[in-house]
Amino acid sequence: MQTSELEIRSLFSCDADQVRAMDEASDFCLEQWLDDDEYGWGVLYQNKLIGYCSVGGADDVGHDITDDPDYNSCDSLLLSDVYVNPEYRHQGVGTYMLSHVLDKVQPEYATVYCCPNRYELESFYKGVGFVLTDTSDSLCITMKRRSK
């Protein structure tokens, strides 16, 4: 599979069945965000949803994010619910999806935050351009916009 065979796009109610199945596999709940403009994003291969993520305002977050000096409730995003079907992992699908999605949504915002629940994913996120935020409570990573 090559990245040219992948489609990255916003997810809508017409994708509900595939999103619901992926929600069950991932323990996330992206279905609730369908049709919310540019919040839920999917990566499809041959019209099959093989991964997804959500990106929205970082306005209802914990102190690990709000204590960051670059945090601004009006000017920050939160990346969450990142999931790729296990049979498509380690093939660049997740990296391609996040790079595409963040290129689409980040230019308007200064900082994108992500708090993955597994430390072994830190290198994956660093490969996309995130850096570790200095916090003792949890893994929190950020991607700063290159220019304001």
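Just so it is clear, the structure is predicted and the values come from calculations on it, not from any experiment.
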Hey, which of Val84, Val93, Leu44 is the one that makes side-chain contact (heavy atoms from CB on, under 4.5 Å) with Ile50?
-> Val93

Would a 4.5 Å heavy-atom cut-off, applied to side chains only, mark [X] and [Y] as touching?
X: Val112; Y: Ser76; value: no
X: Leu77; Y: Thr111; value: no
X: Tyr96; Y: Ile8; value: yes
X: Phe28; Y: Met22; value: no
X: Leu78; Y: Val55; value: no

Mind running side-chain contact (heavy atoms from CB on, under 4.5 Å) on Val43 and Tyr52 for me, showing each step along the way?
-> CA-CA 6 Å; Val43 56; Tyr52 66 23; over 6 Å; no

Just jot down the side chain to side chain contact (heavy atoms under 4.5 Å, CB included) partners of Tyr125, sequence neighbours excluded, or say none.
->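 So Tyr125 forms a side chain to side chain contact (heavy atoms under 4.5 Å, CB included) with Leu79, Val82, Leu98, Cys114, Pro116, Leu121, Phe130, Ile141.
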
Excluding sequence neighbours, so at least two apart, what forms side chain to side chain contact (heavy atoms under 4.5 Å, CB included) with Glu5?
->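 So Glu5 forms a side chain to side chain contact (heavy atoms under 4.5 Å, CB included) with Met1, Gln2, Tyr45.
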
Got a sec, which pairs hit salt bridge (Lys or Arg N to Asp or Glu O under 4.0 Å) with one end in residues 9-21, sequence neighbours left out?
->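 Found Glu7-Arg9, Arg9-Asp15, Asp17-Arg20, Arg20-Glu31.
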
With sequence neighbours excluded, tell me which residues meet salt bridge (charged side-chain N to carboxylate O under 4.0 Å, His left out) with Lys48.
->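 Lys48 satisfies salt bridge (charged side-chain N to carboxylate O under 4.0 Å, His left out) with no residue once adjacent residues are dropped.
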
One should read off an interatomic distance between Tyr39 OH and Ser10 OG, to the nearest 0.5 angstrom, of 13.0 Å

Please list all pairs passing the side-chain hydrogen bond (donor to acceptor under 3.5 Å, both in side chains) test where one or both residues lie in residues 78-87, with sequence neighbours left out.
-> Ser54-Ser80, Ser54-Asp81

Return yes if some donor-acceptor pair links the side-chain N/O of Gln32 with the main-chain N/O of Cys29 below 3.5 Å, else return no.
-> yes

For the student: nearest non-hydrogen atoms of Met97 and Gly51, plus distance |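 Nearest pair, atom of Met97 first, then Gly51: SD-C, 3.9 Å.
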
Minimum heavy-atom distance between Leu34 and Ala16, given as atom pair plus value |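 For Leu34 and Ala16, the tightest heavy-atom pair comes out as CD1-CA, 3.7 Å.
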
With sequence neighbours left out, write down each residue that passes side chain to side chain donor-acceptor pair (under 3.5 Å) with Thr95, or none if nothing qualifies.
-> none

